[in-house]
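The block underneath contains the structure these notes are about, expressed in structure tokens.
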Amino acid sequence: MLDTIHYLVDNGTKWRAMPADFPPWDRVYVFFRRWREHGLIVEFHDRLRGKVREKAGRDPEPTAGVIDSQSVKADAVIGTDSRGFDGGKLINGRKRHAVVDTLGLLLGVMVTPADTGDRTAARVLLEHVTDVHHRLELVWADGGYTGSLIEHCLAMLALVLAIVKRSDDMRGFVILPKRWIVERFFAHLMRSRRLVRDFERRTASAEAMIYWSMTLLTTRRRARTRPASA
């Protein structure tokens, strides 16, 4: 069952177009839906993330993270109630709001219509993330998260929201401190063909697919062996 869902996320195929080598698609979908509704997909991912952090010499629970968003086009099956138009990126679809740790591993994600403001979504997402990760005390963000959100995070969540701004004298592509971590995270998502466009009718399924994609990444990192020292 796990291999079947991994195949779907990695290769971007349809549920009904799964190869005959796998179990019947409708049986696999029943398991996927059950795991999604009971939070088992998130729990499975979070346990793997903790193991990867320990392998890297980190504490399983992070103290710092990075937040950002990504707008993606939505498939025609997605209704108008969960899609919108991002005027800045000129994308009609959905927006993925994510918080990652300093290793680029996912701490929390929320999928909204693309016209949802970053600060509006961040209030909800950061509250959820800090409820789960009690040691989190610092989150870096870009200039889109300025304003009253900074005071809200400090007063209500005991969380420092540090803004990493781009200097006015910068020209062309420049790697910004800390912000590159979450940008790399979104680049990892684009390697999963199911996530190149949003195909999920429900935002809960869209979030589950993101967790599955990161489960693939954390599994590879967990299984990776360090080269023996000379």
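As the structure is a prediction and not an experimental result, all values here were calculated from the model.
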Any chance you could lay out the side-chain hydrogen bond (donor to acceptor under 3.5 Å, both in side chains) test for Arg123 and Ser148, step after step, and finish with the verdict?
CA-CA 10 Å; Arg123 284 177 177 259; Ser148 61; 3.3 Å; yes
Just one of Asp198, Asp68, Asp118 clears the salt bridge (charged side-chain N to carboxylate O under 4.0 Å, His left out) bar with Lys95, so which one?
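With Lys95 as partner, Asp198, Asp68, Asp118 yield a single salt bridge (charged side-chain N to carboxylate O under 4.0 Å, His left out), made by Asp118.
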Is there a path of hydrophobic side-chain contacts, each under 4.5 Å between heavy atoms, that joins Ile163 and Leu126?
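Ile163 and Leu126: one cluster.
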Have Ser192 and Asp10 got a donor and an acceptor in their side chains that come within less than 3.5 Å?
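No, Asp10 and Ser192 have no side-chain donor paired with an acceptor closer than 3.5 Å.
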Between Thr215 and Arg49, does any side-chain donor sit less than 3.5 Å from a side-chain acceptor?
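Short answer, no.
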Which atom of Pro62 lies closest to which atom of Pro60, heavy atoms considered:
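Between these two residues, the closest heavy atoms are CD-O, 3.7 Å.
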Ring pair (Phe, Tyr, Trp, His ring centres under 6.0 Å) involving Phe31 - partner list, sequence neighbours excluded
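Once residues adjacent in sequence are excluded, the partners of Phe31 under the ring pair (Phe, Tyr, Trp, His ring centres under 6.0 Å) criterion are Trp35.
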Given 3.5 Å as the limit, does a donor-acceptor pair link the side chain of Lys55 with the main chain of Arg222, or not?
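A pair under 3.5 Å: yes.
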Would the distance check show the side chain of Lys178 and the main-chain N or O of Thr102 forming a donor-acceptor pair, the cut-off being under 3.5 Å?
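Absent.
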salt_bridge(Arg194, Glu200) N-O dist < 4.0 Å:
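The answer is yes: the pair qualifies as a salt bridge.
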Just how far is it from atom CZ of Arg220 to atom CG of Leu216, taken to the nearest 0.5 Å?
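So the CZ of Arg220 and the CG of Leu216 are separated by 6.0 Å.
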To the nearest 0.5 Å, what is the distance between CG (Leu103) and CZ (Phe185)?
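Going from CG on Leu103 over to CZ on Phe185, the span is 13.5 Å.
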Heavy-atom side-chain proximity of Leu159 to Leu136 below 4.5 angstrom
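Yes, side chains in contact.
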Aromatic rings Trp15 and Tyr29: how do their planes relate, parallel, tilted or perpendicular, breaks at 30° and 60°?
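Rings of Trp15 and Tyr29: perpendicular, over 60°.
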Using the rule side chain to side chain donor-acceptor pair (under 3.5 Å), only one of His97, Arg94, Arg96, Arg83 pairs with Thr112; which is it?
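Option passing the side chain to side chain donor-acceptor pair (under 3.5 Å) with Thr112: His97.
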